[in-house]
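Only heavy atoms go into these numbers, but all of them, side chains included; no hydrogens, no water, no symmetry mates.
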Amino acid sequence: MACTEEAKLEHFLQWLQVNGAQFRGCKIKYCDSTKGFGIYSTNGSPEDGVLLVVPLDLAITPMRVLQDPLIGAECRAMFEEGEVDDRFLMILFLIVERLRKNSSWKPYLDMLPTTFGNPVWFTDDELLELRGTTLYRATELRKKDLMSVYEDKVKELVKKLLVLDGDSESEVWFEDFLWANSIFWSRALNLPLPHSYVFPQIQEDVGTTCPVDKISEGSTSHSCSEEPINEINGKRFEAHGNDSKVNGVTSTSKQEETVWVEGLLPGIDFCNHDLKAVATWEVDGTGSITQIPLSMFLISALQSPLPVDKEVSISYGNKGNEELLYLYGFVVDNNPDDYLMIHYPGEAIQNISFSDFKGQLLVAQKAAMRCLLPKNLLDHGFFATGSSNCKANNTSEANDRICNFSWSGHRKTPSYLSKLVFPEDFMTALRTIAMKVEEVSKVSAMLEELVGTEGERQPSETEIRTAVWEACGDSGALQLLVDLLQKKMMDLEESSGTEDSDSELLENACVIGNAEQQTSKEANNLVQQKLMSRNRWCSIVYRRGQKGLTRLFLKEAEHALQLSLSEGN
């Protein structure tokens with residue numbers, strides 16, 4: 001690590017300690033060029049397992065921004081007018097503090113990364129590696145949205161806030177906004193805070209109003225800003241958290257309730273992700289655990305003391321590579337939490353027969369036009385290799401679907417129902433979309449029978465689903481599902497070749513940017529290897545996983561289709 005990096009780290013550690021943070025069994029140090037800085041265990045791990053304690057007053061939250069002595073009043077006015085939301089407030093704060101010459105947050109901001117591995121930072125060539133994947137289109141849209149928000153909003157607002165600090169000359173560049181946006185999405189935590197901390201009681205005789213009384217409890221509403229929501233095909237992302245707890249806080253009164261607020265907490269946010277996390281973080285509302293009231297602490301999750309100099313990792317949650325790459329800029333090879341996203345394009349509904357009638361049925365049934373297919377669903381399908389723990393759940397869902405019919409008794413329970421891995425809400429949509437002319441007539445007749453000649457009542461969601469199921473069975477839906485999966489595989493392979501070709505690329509890759517220097521023997525092997533950027537490597541790992549999941553779920557769908565046809569469903 002260069003001397004300048006060591007100086008930044010030393011300055012940051014001093015800043016943390018001056019502001020009340022306590023290192024009780026860990027230290028922050030440089031990991032490598034991929035991870036940057038991380039937290040590592042030290043000698044003499046404490047018996048209570050508490051490794052690091054940071055006061056909540058160091059957190060960058062919407063409340064912190066609204067209470068800031070320099071820009072708080074202006075931000076509060078924008079917030080009350082609906083011009084910005086809680087997330088956008090924190091992103092603006094990061095930009096302003098980074099550009100201010102004498103920011104009190106400088107020791108922390110200097111420690112934060114300046115470039116990222118998520119796709120909005122990719123070069124044009126690196127982005128091409130994602131062609132055919134869901135991420136490719138999502139990244140294009142995201143970059144366009146971010147640029148629009150920067151031009152229409154960010155430049156003017158940041159300049160207005162900088163003027164409050166006497167700075168009318170600093171330029172605000174798109175890269176400043178992109179940096180702050182990436183810092184928020186890659187480092188923000190979903191913090192469970194005591195209600196009394198988020199909404200402090202203000203004495204009436206002070207003559208001031210609480211600046212945070214309009215922040216939604218839990219920070220679940222973000223619709224008032226033009227800042228684009230982070231999502232891919234309708235899957236919305238939130239700041240990461242873990243199985244955190246608020247110690248010393250109960251729910252016996254309003255003042256003691258927990259309020260979930262997104263924010264950044266310097267120090268603890270240097271924990272990196274691992275599937276086998278060795279630590280978790282919790283909030284200590286009363287100081288009963290850490291002796292520091294209103295603090296957050298990092299605590300070992302292991303039964304035995306941590307080995308010296310072991311990286312203290314936390315889990316960002318059960319996230320697939322699509323989400324990890326999009327938000328954090330890394331992937332996990334052979335990720336057990338990987339998933340495949342399948343959707344039927346909404347615009348295509350207008351081009352199918354009886355589109356108006358089918359559209360009404362889709363709404364009435366609350367059918368899903370897209371679905372996430374987690375990898376672990378395959379453990380319970382037709383070609384499962386492991387033990388099945390959710391067979392009962394699959395069967396229960398299946399029974400819920402069929403228990404309320406039948407008008408005619410024609411449609412029998414399929415033998416494959418407990419092995420069908422595809423969500424019923426999505427299958428409902430596909431059945432409806434795939435209905436043929438005679439099936440539309442049957443559904444219409446059955447529903448008319450329920451409604452009656454005078455239209456005495458409206459059929460329920462369950463009754464409509466049952467009518468569609470009896471009229472159509474599964475074969476039409478499964479054929480449409482096979483078509484969607486085949487199209488997805490064609491898009492993936494057309495852009496980047498087969499799953500095997502990706503595996504070959506990864507086997508022969510020498511990833512640029514690893515901290516560990518190659519030995520002379522390894523250097524000699526570089527002739528046979530292909531130099532590859534970390535971003536390109538992550539893209540190939542991600543897309544290979546997508547091809548593998550598409551292949552496996554296509555196999556499930558094709559087998560289910562064969563069975564449904566053989567059973568007359």
Does the side chain of [X] come under 3.5 Å of the side chain of [Y] through a donor N or O and an acceptor N or O?
{"X": "Thr428", "Y": "Glu424", "answer": "yes"}
{"X": "Thr115", "Y": "Trp121", "answer": "no"}
{"X": "Glu126", "Y": "Ser533", "answer": "yes"}
{"X": "Asn569", "Y": "Asp474", "answer": "no"}
{"X": "Arg131", "Y": "Ser496", "answer": "no"}
{"X": "Asp483", "Y": "Gln479", "answer": "yes"}

Minimum heavy-atom distance between [X] and [Y], given as atom pair plus value:
{"X": "Asn272", "Y": "Tyr316", "result": "CA-OH, 3.7 Å"}
{"X": "Asn321", "Y": "Val332", "result": "OD1-N, 2.8 Å"}
{"X": "Glu347", "Y": "Asn351", "result": "O-ND2, 4.1 Å"}
{"X": "Tyr136", "Y": "Leu127", "result": "CD1-O, 3.4 Å"}
{"X": "Trp281", "Y": "Leu189", "result": "NE1-CD2, 3.9 Å"}

side-chain contact (heavy atoms from CB on, under 4.5 Å) between Leu492 and Gln546, intermediate numbers included: CA-CA 8 Å; Leu492 287 165; Gln546 292 292 287; 4.2 Å; yes

Decide, yes or no, whether a salt bridge links Glu567 with Lys412 under the criterion of side-chain N to carboxylate O below 4.0 Å. no

Check this for me: does any side-chain nitrogen of one of Glu262 and Arg87 sit under 4.0 Å from a carboxylate oxygen of the other? yes

Using side-chain contact (heavy atoms from CB on, under 4.5 Å), reason through Leu373 and Tyr339 one step at a time and then give a plain yes or no. CA-CA 5 Å; Leu373 300 174; Tyr339 58 78; 5.9 Å; no

Hey, is the main chain of [Y] close enough, under 3.5 Å, to the side chain of [X] for a donor-acceptor pair?
{"X": "Lys375", "Y": "Asn335", "result": "yes"}
{"X": "Asn181", "Y": "Phe177", "result": "no"}
{"X": "Lys419", "Y": "Glu556", "result": "no"}
{"X": "Thr466", "Y": "Thr462", "result": "yes"}

From the options Gln365, Glu439, Arg465, select the one residue that forms a side chain to side chain donor-acceptor pair (under 3.5 Å) with Thr432. Gln365

Counting C-beta onward and ignoring hydrogens, is there a side-chain heavy-atom pair between Asp333 and Arg544 closer than 4.5 Å? yes

Is there a side-chain contact between Lys358 and Ile349 (heavy atoms, below 4.5 Å)? no

Sequence neighbours excluded, the answer for ring-ring contact (aromatic ring centres under 6.0 Å, His included) partners of Phe330 is His273

Students often mix this up, so state it plainly: with edges at 30° and 60°, are the rings of His559 and Phe382 parallel, tilted or perpendicular? perpendicular

For Glu461, I'd like to know if atom CD has over 12 heavy atoms of other residues, nucleotides or ligands within 6.0 Å. yes

